[in-house]
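Reading through the structure tokens given below for one structure.
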Amino acid sequence: MHYDFKKIEKKWQNAWQKHKAARARINPAKEKFYLLEMFPYPSGKIHMGHVRNYTIGDVASRFKTLEGYNVLHPMGFDAFGQPAENAAIKNKTKPDNWTHKCIRQMQDELKKMGFSYDWEREISTCDSSYYKWNQWIFLKMFERGLAYKKASTVNWCPSCQTTLANEEVIDGGCWRCHSKVEQKDLEQWYLKITDYKERLLEDLEQLNDWPERVLNMQANWIGKSQGVEIYFKVKAAGKVIPVFTTRVDTIFGATYIVLAPEHPLVKELIKGKSQESGALKFIEKVSRESKVVRASSDVKKEGVFTGSFAVNPVNNEEVPVWIADYVLMEYGTGAIMAVPTHDQRDFLFAKEHGLPMRMVIQNTAAVEGNVEDLKEAFEGDGLQVNSGEFDGLPNVEAKVKIAEWMEEKGIGKIQTHWRLRDWLISRQRYWGTPIPIIYCPECGIVPVPHKDLPVELPKDAPFTGEGGSPLGKVKKFVEVKCPKCRAPSRRETDTMATFFDSSWYFLRFCSPEFKNGPFEQKEAAYWMRVDQYIGGIEHAILHLLYSRFFTKFFKDLGMIDFSEPFKRLLTQGMVLKEGEVMSKSRGNIVDPDIMIGKYGADTLRLFILFAAPPETELEWDDRGLEGSHKFLNRVWRIQDNLKEKADPSLLRVLHKTIKKVSEDYRGFKFNTAIASLMELTNAIYQTGADKETFSRLIIMLSPIAPHFAEELWKVLGNKESIFKAGWPEADPKMLVEDNLIIIIQVNGKVRSKITVAADISEDKLKEIVLADKGLIPWIQGKPIKKFILVPQKLVNIVV
RNA sequence: GGGCAAGUGGUGGAAUGGCAUACACGACAGACUUAAAAUCUGUUGGCCGCAAGGUCGUGAGGGUCCGACUCCCUCCUUGCCCACCA
């Protein structure tokens, strides 16, 4: 007999909705648990990645509910963003209509999976009731100098008339029209995330329950590096060029210095020199290349001599000043000291242009003395040579000594540099949060007063996708009076990057209807922090970093009293088919909806958890799905053959299973939890089960297959929902074994096994072991050197 | 170039210092059936052996240990992230 999953799943989904089974409200009597999965972009269809992410979350949520926690498990939609604009153009509709249609479709699919969300808390970032608070947050940041406008160089597509993110530049061309991408200086809005760099780095130490990998990625992205800023005086010009290095131990080998082509001193250094016109040509050529092209090219490093010389302050040696494309204005001081003997890039550049070299660190592995014989730079550790008073010191020690000595002499300064840049949030797009700023010819940049929020997106913007931001073409949006002096003014037409929206949504879920602020402090104080956050590894840097930044900002505003939003983080692996990521372009997509139709949501949930642990990649397998379906049917059939009283051996298996499954659920090891449930089921098939044992099996299965379990629960005569049944507890008495199987090894190889009473003494055990007949060929006539005993488990005899 | 993760049967995976391959898929066999499907019950790492049993075996090589899939070192392969980062 097969269970009728179509009927059962529909029935229970309706029942849960009707009884608001997942409704969460403050309850001081219970311990709270805030479980959150990264909310989706509403494309209209869920894919297997969503199914996996949200199934993991739902099982955890239902398990915590059964354990007696007050669980908050909300869902919403990250609804702003470019795909909606493209789809609207393609389908000749408005982003607004298209997005809302997609949200409804997506919600239906999520409901069909049986996920236990408190839908009363649903939010969409494209609703003005949400993005009003984006604008409020922006203004708070603006008041504190954390939101500011500055000119910068960005990728620009001349045909689409818009800026492009680095990710949107493919092989130097626009991802949409393939035009060659240019560099352009534009005034853009930035958030000063760099003000929080120390805290963002230090607080990583608190995040013990985050994956090591994510912590590393965040730390690398913030990129703290300690070194020394060294001042090179330019001969004649009377100027100073600061350079930054992490290898101050190599300073005596700095035989030239190199500036980025954009360096502000370059023009002065080349002026009147014979090299001037060549240098200008080179700078012009580099400036036309986009950043992306410049960074990705693995062609040889190009550069020119400026005609000027600078003085190495440690030995007063004159060194030539060059310009090269491999030095970046964005990092450090935009200038480097070049040590060709101990830096591979400098080595290649020096070889190419015939620049001088000098060894300053040696060990036995490196060529001694002869720089001409050097085939590549020596970047390892060794002893200082050619380094004045520091000769003979290990370079690791010299690094510290030289830095201190330079500071004393005033020729260098110990400094910390960071890789983290401020966050550019301006987008010349329509479908995003309008930046609440007005430009007044009299007063300059004027923030929109709080009482005028939200600045709503005009619904009737002309929509073609070309020729810059559509907002600029809506007169009644752009033309406003200055809030300060009433002079005719112009509204900002850029919108915010969508990462802004998702940087605080977890706080909004605590009080989604709140009218007087982004969130209600009382609610946030109860529900936050998020106890368990689940999502894809692709958000390991940006989204998580921005969310941590916003949380620290709210703390500084005094609105919350914690500085990290997510206590535990789980990053789930991707779903693959035939070893490749599922994607439209590969044409290897498996549609969850079709699988639900064929086997039901419970089977899909079961399979996706059983096939692999949550963190690793999961190989899709249609036959595995059938296997999972078979297992549910196998459990279903148990109800036909229930006995009065369970076999004692079955009760032992049951209690062991309860212990194992509880531990596995807590540790998110769903695949082995399911394996244990299968073993219990197999044991039931051997001895037959009583109603009590069967009930507990169903409860343990309920987080994974909720519809299935509810139905069986009802069939067994229960009136209340299974999710109010409480989690079963393992009886410690049933876990104690009377007899143990002891493994006997000789020289580390298993040679025999014996069964003994659990409470046997060590001496007695030794006696029995040595009398074991199976061991005779292995130990007879050989002196026993050692007798190792691992209690309850194993002995090893060394002969 | 840097960082991280992974590598175990035909397949997905289990075991994180103590019986390698739990659980499942697949395959093979048996029961039921006129037959098939479904279901139930077995067998299923390689080699030697009729068997009892032996022996090899967790990417490769070395090390620590009574004992290593597990810890350490070197290397190979694959995947992900970052990257002319000074």
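Throughout, a chain's letter reflects where its sequence line sits, starting with A, and its residues are numbered from 1.
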Inset, instruction - Please say whether the positively charged group of Arg568(A), taken as NZ for Lys or CZ for Arg, lies over the ring of Trp210(A), i.e. under 6.0 angstrom from the six-membered ring centre and within 45 degrees of the axis. - result: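 Checked: cation-pi criterion not met.
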Would you tell me if any nitrogen or oxygen in the side chain of [X] comes within less than 4.0 Å of OP1 or OP2 on [N]?
{"X": "Arg623(A)", "N": "rG12(B)", "result": "no"}
{"X": "Arg637(A)", "N": "rC40(B)", "result": "yes"}
{"X": "Arg751(A)", "N": "rC19(B)", "result": "no"}
{"X": "Arg345(A)", "N": "rG2(B)", "result": "no"}
{"X": "Gln218(A)", "N": "rG3(B)", "result": "no"}
{"X": "Asn682(A)", "N": "rA24(B)", "result": "yes"}

Tell me the partner of [N], counting only Watson-Crick (N1-N3 plus N6-O4 or O6-N4) or G-U wobble (N1-O2 and O6-N3) with both under 3.5 Å; none if nothing fits.
{"N": "rG1(B)", "answer": "rC82(B)"}
{"N": "rC71(B)", "answer": "rG63(B)"}
{"N": "rA6(B)", "answer": "rU77(B)"}
{"N": "rG57(B)", "answer": "none"}
{"N": "rC50(B)", "answer": "none"}
{"N": "rG30(B)", "answer": "rC40(B)"}

[atom1] atom, [N] versus [M]: distance in rounded Å?
{"N": "rC82(B)", "M": "rG13(B)", "atom1": "P", "result": "25 Å"}
{"N": "rU41(B)", "M": "rG45(B)", "atom1": "C1'", "result": "23 Å"}
{"N": "rA31(B)", "M": "rG18(B)", "atom1": "C1'", "result": "41 Å"}
{"N": "rC19(B)", "M": "rG26(B)", "atom1": "C1'", "result": "26 Å"}
{"N": "rG46(B)", "M": "rC40(B)", "atom1": "P", "result": "26 Å"}
{"N": "rG12(B)", "M": "rC84(B)", "atom1": "P", "result": "37 Å"}
{"N": "rG1(B)", "M": "rU11(B)", "atom1": "P", "result": "32 Å"}
{"N": "rA60(B)", "M": "rA27(B)", "atom1": "C1'", "result": "31 Å"}

Legend entry - N/O donor-acceptor pair, side chain Gln344(A) with base rG1(B), under 3.5 angstrom: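 No.
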[options]: which one has an atom nearest the side-chain heavy atoms of [X]?
{"X": "Asn796(A)", "options": "rC85(B), rC66(B), rC23(B)", "result": "rC66(B)"}
{"X": "Lys630(A)", "options": "rG26(B), rA15(B), rA22(B)", "result": "rG26(B)"}
{"X": "Val798(A)", "options": "rA14(B), rC66(B), rC81(B)", "result": "rC66(B)"}
{"X": "Trp778(A)", "options": "rG3(B), rG12(B), rG54(B)", "result": "rG54(B)"}
{"X": "Ile336(A)", "options": "rA86(B), rA14(B), rU41(B)", "result": "rA86(B)"}
{"X": "Arg213(A)", "options": "rG18(B), rC4(B), rG12(B)", "result": "rC4(B)"}
{"X": "Arg634(A)", "options": "rC82(B), rC25(B), rC40(B)", "result": "rC40(B)"}
{"X": "Thr672(A)", "options": "rA15(B), rC40(B), rC4(B)", "result": "rA15(B)"}
{"X": "Met678(A)", "options": "rC82(B), rC23(B), rG42(B)", "result": "rC23(B)"}
{"X": "Val750(A)", "options": "rC19(B), rG18(B), rC85(B)", "result": "rC19(B)"}

Euclidean distance, atom [atom1] of residue [X] to atom [atom2] of [N] [Å, nearest integer]:
{"X": "Leu609(A)", "N": "rC23(B)", "atom1": "CG", "atom2": "P", "result": "20 Å"}
{"X": "Lys786(A)", "N": "rC66(B)", "atom1": "NZ", "atom2": "C1'", "result": "6 Å"}
{"X": "Phe631(A)", "N": "rA24(B)", "atom1": "CZ", "atom2": "C1'", "result": "11 Å"}
{"X": "Glu619(A)", "N": "rG7(B)", "atom1": "CD", "atom2": "P", "result": "16 Å"}
{"X": "Glu212(A)", "N": "rU16(B)", "atom1": "CD", "atom2": "C1'", "result": "16 Å"}

Inset, instruction - Please check if the distance between the ring centroids of Trp620(A) and Phe607(A) is under 6.0 Å. - result: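 When the ring centroids of Trp620(A) and Phe607(A) are compared, they turn out to be within the sub-6.0 Å range.
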Inset, instruction - Indicate, with a heavy-atom threshold strictly under 4.0 Å, whether Gln745(A) touches base, sugar-phosphate, or nothing. - result: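 Touches a base.
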Inset, instruction - Could you tell me whether Asn216(A) contacts a base, only the sugar-phosphate backbone, or nothing, with contacts defined as non-hydrogen atoms closer than 4.0 Å? - result: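 Touches sugar-phosphate only.
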Inset, instruction - Find which nucleotide of RNA chain B each of Asn671(A) and Phe610(A) is nearest to by heavy atoms, and output the residue with the more 5' nucleotide. - result: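 Its nucleotide being nearer the 5' end, the pick is Asn671(A).
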Legend entry - Contact nearer the 5' end of RNA chain B, comparing Pro613(A) with Lys753(A):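 It is Pro613(A) whose nearest nucleotide is closer to the 5' end.
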Legend entry - Salt bridge flag under 4.0 Å for residues Glu302(A) and Lys285(A):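 Lys285(A) and Glu302(A): salt-bridged.
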Legend entry - Arg751(A) side chain near Gln745(A) side chain, heavy-atom distance below 4.5 Å: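 A side-chain contact under 4.5 Å is absent here.
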Inset, instruction - State, without any angle test, whether Tyr326(A) and Asp346(A) hold a side-chain donor-acceptor pair at a distance under 3.5 Å. - result: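 Indeed, the side chains of Tyr326(A) and Asp346(A) share at least one donor-acceptor pair under 3.5 Å.
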Inset, instruction - Check the side chains of Asn682(A) and Arg634(A) for a donor-acceptor pair under 3.5 angstrom, ignoring hydrogens and angles. - result: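 Short answer, yes.
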Inset, instruction - Determine the sole option in Glu663(A), His655(A), Lys656(A) for which the side chain to side chain contact (heavy atoms under 4.5 Å, CB included) test with Lys659(A) is passed. - result: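 It is Glu663(A); the other options fail the test.
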Legend entry - Ile222(A): which of Ile193(A), Leu200(A), Thr194(A) passes side chain to side chain contact (heavy atoms under 4.5 Å, CB included):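 So, applying the side chain to side chain contact (heavy atoms under 4.5 Å, CB included) to Ile222(A) and each of Ile193(A), Leu200(A), Thr194(A), only Leu200(A) qualifies.
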Inset, instruction - Name the orientation of the base relative to the sugar in rG63(B): syn if the glycosidic angle is within 90° of 0, else anti. - result: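 With its glycosidic angle more than 90° from zero, rG63(B) counts as anti.
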Inset, instruction - Show the numbers, then the answer: is there a side-chain contact (heavy atoms from CB on, under 4.5 Å) between Ile784(A) and Lys786(A)? - result: CA-CA 6 Å; Ile784(A) 291 173; Lys786(A) 253 186 194 177; 5.9 Å; no
